[in-house]
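Let me begin by presenting the structure, written as structure tokens, before commenting on it.
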Amino acid sequence: MENEPGQENLEQNPCARTVEEELNKSFNLEASLSKFSCIDLDKELEFKNDLIDDKEFDIPQVDTPPTLESILNETDDEEESFVLEDPTLLNVDTIDSHSYDTSSVASSDSGDRANLKRKKKLPDSFSLHGSVMRHSLLKGISAQIVSAADKVDAGLPTAIAVSSLIAVGTSHGLALIFDQNQALRLCLGSTSVGEQYGAISALSINNDCSRLLCGFAKGQITMWDLASGKLLRSITDAHPPGTAILHIKFTDDPTLAICNDSGGSVFELTFKRVMGVRTCESRCLFSGSKGEVCCIEPLHSKPELKDHPITQFSLLAMASLTKILVIGLKPSLKVWMTFPYGRMDPSSVPLLAWHFVAVSNCVNPMLAFCRGDTVHFLLVKRDESGAIHVTKQKHLHLYYDLINFTWINSRTVVLLDSVEKLHVIDRQTQEELETMEISEVQLVYNSSHFKSLATGGNVSQALALVGEKACYQSISSYGGQIFYLGTKSVYVMMLRSWRERMDHLLKQDCLTEALALAWSFHEGKAKAVVGLSGDVSKRKAVVADRMVEILFHYADRALKKCPDQGKIQVMEQHFQDTVPVIVDYCLLLQRKDLLFSQMYDKLSENSVAKGVFLECLEPYILSDKLVGITPQVMKDLIVHFQDKKLMENVEALIVHMDITSLDIQQVVLMCWENRLYDAMIYVYNRGMNEFISPMEKLFKVIAPPLNAGKTLTDEQVVMGNKLLVYISCCLAGRAYPLGDIPEDLVPLVKNQVFEFLIRLHSVEASSEEEVYPYVRTLLHFDTREFLNVLALTFEDFKNDKQAVEYQQRIVDILLKVMVENSDFTPSQVGCLFTFLARQLAKPDNTLFVNRTLFDQVLEFLCSPDDDSRHSERQQELVSLKPCKAAELVATHFSGQIEVVIGQLQNQLLLFKFLRSLLDPRERVHISQESLQIPPCVTEQFIELLCQFSPDQVIETLQVLDCYHLEETIQITQKYQLHEVTAYLLEKKGDVHGAFLLLLERLQSRLQEMTRQNENTKEDIQLKAVEDTMVETIALCQRNSQNLNQQQREALWFPLLEAMMAPQKLSSSAAAPPHPHCEALKSLTMQVLNSMATFIALPSILQRILQDPIYGKGKLGEIQGLILGMLDTFNYEQTLLETTASLLNQDLHWSLCNLRASVSRGLNPKQDYCSICLQQYKRRQETADEIIVFSCGHLYHSFCLQSKECTLETEGQTRWTCYKCSSSNKAGKLSENPSESKKGRITSPQIKMSPSYHQSKGDPPARKANSEPVLDPQQTQAFDQLCRLYRGGSRLALLMELSQNRGGDSYRPFAGSQSGPAFNSIFQKENFQLQLAPPPVAED
């Protein structure tokens, strides 16, 4: 095996040290001391100095790298931190923070003019996300590359590889090795070897940075020791000669590497050391004759993920010109996945990139590959059995062709398009964060190696076409940094830290954008965040502190840039653009202390800024986002609005303010002087818990003009309306003008208000004041609204004693004031009567009103002479009790129903009235024959039903009969009641239209359920799907019996396909399994079971197998469906056979008992008639029949006839035992019409016996029926058999089946079932047979 480089003395290239020494002598010491460093994304970077060109930053080292467990515990939504692969890379002690001549990897901005020119051209850097990437020129390395080309003829750079060292290959075969300080450490190779091997076409550094592999344009491979600079191997036979090395890559195993040549072949190189001799074994993994591979990428794992279960496979991704392959090199070679590209531009470059990402709390490798404008992501997992599964993730569709794809972290990728424009993309949201031009890099392309010009150009045209844009070896990433190799320079790009992004905007004087970006950091909504560590609260605190600093800077700049001269409007506009931003962010950060102290003091230096600041507070106060304000600011606020004559705004502000920030005495005085009654009431209520004083003040204003009979001014009318609203709020427990009264004060406030209203006299009453001044004033002001306030209050009353007393007391006062005085108009008295009618009509009414007054109320409501408020009085009658009102109209005004309906303006009231009038379930004593209701009225009722009670539409339509189907269908379609529309279409006869409507409804609900949405409740959606499916099945079942086979299939097969469609989607490999997959399968089986009754089983199977999804697949995909159908068939076949066997047994047992009953003789208890008590052998001239019953009683037929014990049924005389029937009178009642129609008596007290004929001579013979029927004795025996069973007899089933087969020979008992009302057993709801029995062949 491979040993450390110090363990063996190897011959070093004699020319390498000479060239290196010459180069080191020619370079400045200053350039050799320049350095580059990686950004540690786990630690917060402190950028406290101004960002200037070539500024270096001290970056702390990582003490403890995160473990695999900590990464597994991270959620995918959080920003994943990057771990520095080699912490020793950072050498902060030697950083020259004042160097302006060179640029390091960690430099904030490049000092070259091209870079500054680029920033001026691209406004994208100042977008919502700010400048996400930092673009820097590595001046030390760039200068040395140019110098090497001039001094030692190293040639132009051709390839770059980066680890803790940077290796740059040249066109003359040299490899220049630079350290983290951009100092040249090694120069490997020589120009003489370069003449033999050609240019370096590929480079690779192993994980521990101890070995370097160089691939050459003429096909040779060399391995170098990076510690000593010794040549370890020179490999010339690893692949076919005459082909250039396109890629060479170390794997995680330092003894294993992969190379790809211009012939399109891929080889595995295994390095061994046996007996001190270093060897290399080559194995072909993929031959170019099967398709040329032009890109390879082994999976590299970080040190903390070395124990990941996927690393043991040593995965390798290969991209050919037609497809992607993922193979495992260990433990044995195995292909795990192939993925074809599809259609693409033949000149586009295949790209591959691995990265470990956290998905569902598990870290797994993800492969990104693309060719053209679409990036695909594949997640690779290893299951418990050891197999690898590849899952396709959401792809990224672009509008440009790519030539490079690089992961910068698990959520952010950097793309380079064919016009050398860089795009920074957030992978999860697919949002473009930044774009920038990198044409100044003058990127090196690998076209000559893909065309294999060094060996004569013996490559295919397809590979040469791809090579036109190939830059695989010019771009290398390491530790979250991306290195770009130009013809004369090396550039590095990395993500800026969150502080650096904000400082970059501040340096561009974009303070508003910097605050917006900082707030996105604070809320966790920013993308590509670097440097924010700790929990959420800690991150918010750090960002908030930085935002406060920016706000102070923003306020200073706003004051400094204020125009000193010019119009005042210009100054106001300036501060209106800036001050609201300060207020906004202070309130968002919940820093009112900062806003009202330092910020307010700073802005108060300018009177215009102070005024704008105070006006900015208004919308926040009105929206209750700002409640507490310091008394000084509140005082200044009120004074400011007073000076601007904006007292209405002051009133609106006061009622939203915390009362503790107000000077109550000053505010009350100001409110009264400026007539701010809302604010005054608010201060009294909230500040002093005083609710009556505002009422007294308002009454003093409106009472004198009302008592004097004067017309109120507009202002007095507004005050009166405020007073009514205020009283209503107090009685309802609500604060005025907004909010609620504290719960402990609500009963007290109600009592105080009632006591105030029913006062006999006011506080400062004169001798001329009439009684109850407050009630009288409100009645004079607006009778109807005051009574409405009382009505609403009574609605909220509970049946406690005090509330009932107040209610009765108010009503008595109203009657005393209005009825006993003549200063109220009839219309006002009518309002009182309407109010009383509402209260008296309540079911829990407790008011007491004498009969005379009640008659006056009813007379007022029904008076046809008084036209005042006629419509309102009608509505009051309906609202009292809709059913009684409907009965009244139907009885006395049946011809004017449409007129009455037109008078009812309230839609809800009209709906209740029409429901009582039209719905048979609601009617009370309404004769349907007397009602002449046109269809338009019924349709109006149906429309109201769709609005107020859509769930009851179908039930109501089933009992309504007077409506037009077309108009009703239009109504239900208007309100999108699809089930009701389907019912009406079916009733109309359009079965197919009804089916299509339900099918469309089912498909839409299935799409909603199968959509991947976490916010939705899938159980509710599944229930909706099941309900719609059951309705659709019921529709198909109801109508299938009347359709032919083709029409049945047109119903059932679309339903089956609709249920199977979601399962087809979930069965695809790309889609994840749906959580309700099993439920959907169960519902599909329900459809199959239902349609099996009407559709032949072969037709169903043929239709399933003809489906393009299932037809091309394997039988296992539809195994569940077929087995389910076969199980159902077997179950129904077994059920039918068992039923037939049971019926045969029942028939045999029943016939045996029937035969025994018929052949049994009767033994009379006595030899005389039980009625006349004479011997049955009496001598009479007329023939007399002897009737003997099974109970033992004997009668003469004439005696029974005299007692009315006979019943004529279907031409036969049936007899009842007189004694048995007279002992239980209920026996006579059992002979109801339905039983007589059936031909049998079901009551157990009634015993029937056949008549027994005997006379002196020969007994008279009876005429036999032409059709065999059961005589009464057989009927009685049959009834006894039926009573032995609970429910319907199985014999009845056999009789029904035998009747359906036709033929008299199949009707042994036809006489007993020949009645017209015989009920078929198949009509019963509890009887179901899923398969009809096979036809019985007739003899």
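Just so it is clear, the structure is predicted and the values come from calculations on it, not from any experiment. Residue numbers start at 1 and run along the sequence shown.
Every ring pair (Phe, Tyr, Trp, His ring centres under 6.0 Å) that H522 has, sequence neighbours left out, goes to W519. The side-chain hydrogen bond (donor to acceptor under 3.5 Å, both in side chains) check on N751 picks up nothing, with sequence neighbours excluded. H574 pairs by the ring pair (Phe, Tyr, Trp, His ring centres under 6.0 Å) definition with nothing, not counting sequence neighbours. Contacts of Q598 classified as side-chain hydrogen bond (donor to acceptor under 3.5 Å, both in side chains), with partners at least two apart in sequence or in another chain: none. Scored by the side-chain contact (heavy atoms from CB on, under 4.5 Å) test, D593 finds R591 as partners (sequence neighbours excluded). With sequence neighbours excluded, the residues forming a ring pair (Phe, Tyr, Trp, His ring centres under 6.0 Å) with Y726 are Y736, listed by chain and number. The ring pair (Phe, Tyr, Trp, His ring centres under 6.0 Å) search around F613 returns Y600, not counting sequence neighbours. The side-chain hydrogen bond (donor to acceptor under 3.5 Å, both in side chains) check on Q752 picks up nothing, with sequence neighbours excluded. For the side-chain hydrogen bond (donor to acceptor under 3.5 Å, both in side chains) test, residues two or more places apart in sequence or in another chain that qualify with K561 are D509.
Using a 4.5 Å heavy-atom cutoff, the side chains of I638 and M634 are in contact. Contact of the L422 side chain with the M133 side chain is not registered, since no non-hydrogen atoms from C-beta on lie closer than 4.5 Å. F552 places a side-chain heavy atom less than 4.5 Å from the side chain of K602. Between N674 and M670 there is a side-chain heavy-atom pair separated by less than 4.5 Å. The shortest side-chain heavy-atom distance between R539 and W498 does not fall under the 4.5 Å cut-off. By the 4.5 Å heavy-atom criterion applied to side chains, V633 and L614 are counted as neighbours. Two residues are said to be in side-chain contact when any heavy atoms from C-beta on lie closer than 4.5 Å; M436 and K421 fail this criterion. Side-chain atoms of L731 and F754, non-hydrogen and from C-beta on, do get closer than 4.5 Å to each other.
Taking SG from C729 and CZ from F691, the interatomic distance works out to 11.0 Å, rounded to the nearest 0.5 Å. The structure places CG of D714 at 13.0 Å from CE of M719, a figure rounded to the nearest 0.5 Å. Distance CG/L617 to CG/L622: 10.5 Å, rounded to 0.5 Å. To the nearest 0.5 Å, the span separating OG1 on T777 from CG on L698 amounts to 12.0 Å. How far CD of Q508 is from CD of E513: 10.5 Å, rounded to the nearest 0.5 Å. Atoms NE2 and CG, from H553 and L511 in turn, are 4.5 Å apart once rounded to the nearest 0.5 Å.
The minimum heavy-atom distance linking S410 with R427 is given by the pair O-NE, 3.2 Å. Shortest non-hydrogen contact noted between M599 and C586 is CG-SG, 4.3 Å. Closest approach of I408 and G480 over heavy atoms only: CG1-O, 3.5 Å. Nearest heavy atoms, S762 versus Y774: CB-OH, 3.2 Å. Closest of all the heavy-atom pairs between A528 and L433 is CB-CD1, 3.8 Å. Summarising the geometry of V579 relative to C616, their closest heavy-atom pair is CG1-SG, 4.2 Å, with the distance given to 0.1 Å.
Among the candidates V789, L723, L706, the single residue satisfying the side chain to side chain contact (heavy atoms under 4.5 Å, CB included) test with L778 is L723. Under the side chain to side chain contact (heavy atoms under 4.5 Å, CB included) rule, V132 has a single partner from V529, V424, V414, which is V424.
Applying the salt bridge (Lys or Arg N to Asp or Glu O under 4.0 Å) test to residues at least two apart or on different chains, none of the pairs has a partner in residues 724-734. Within the structure, salt bridge (Lys or Arg N to Asp or Glu O under 4.0 Å) contacts touching residues 679-688 (residues at least two apart or in different chains) do not occur. Residue pairs meeting the salt bridge (Lys or Arg N to Asp or Glu O under 4.0 Å) criterion with at least one member in residues 606-624, sequence neighbours excluded: K610-D636, E615-K644.
When atom types are taken as modelled, the side chain of Q428 and the backbone of Q430 share no donor-acceptor pair closer than 3.5 angstrom.
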Q.
Under the criterion ring pair (Phe, Tyr, Trp, His ring centres under 6.0 Å), I'd like the reasoning laid out for F781 against F786: C-alpha separation, chi angles, the key distance, then a yes or no.
A. CA-CA 9 Å; F781 175 73; F786 177 54; over 10 Å; no

Q: For side-chain contact (heavy atoms from CB on, under 4.5 Å), just list the numbers for M647 and Q642, CA-CA rounded to whole Å, side-chain angles, deciding distance to a tenth of an Å, and then say yes or no.
A: CA-CA 6 Å; M647 299 313 299; Q642 274 184 307; 3.5 Å; yes

Q | Worked verdict on F521 versus R546 for side-chain contact (heavy atoms from CB on, under 4.5 Å) | A | CA-CA 11 Å; F521 290 140; R546 181 59 177 150; over 6 Å; no

Q.
Please evaluate residues R501 and H129 with respect to the criterion side-chain contact (heavy atoms from CB on, under 4.5 Å), reporting the C-alpha separation (whole Å), side-chain torsions for both, the decisive distance (0.1 Å), and the verdict.
A. CA-CA 8 Å; R501 286 166 65 178; H129 303 284; 3.8 Å; yes

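Shown here is E696, whose CD atom has more than 12 heavy atoms of other residues, nucleotides or ligands within 6.0 Å. A 6.0 Å sphere centred on NZ of K635 holds no more than 12 heavy atoms belonging to other residues, nucleotides or ligands.
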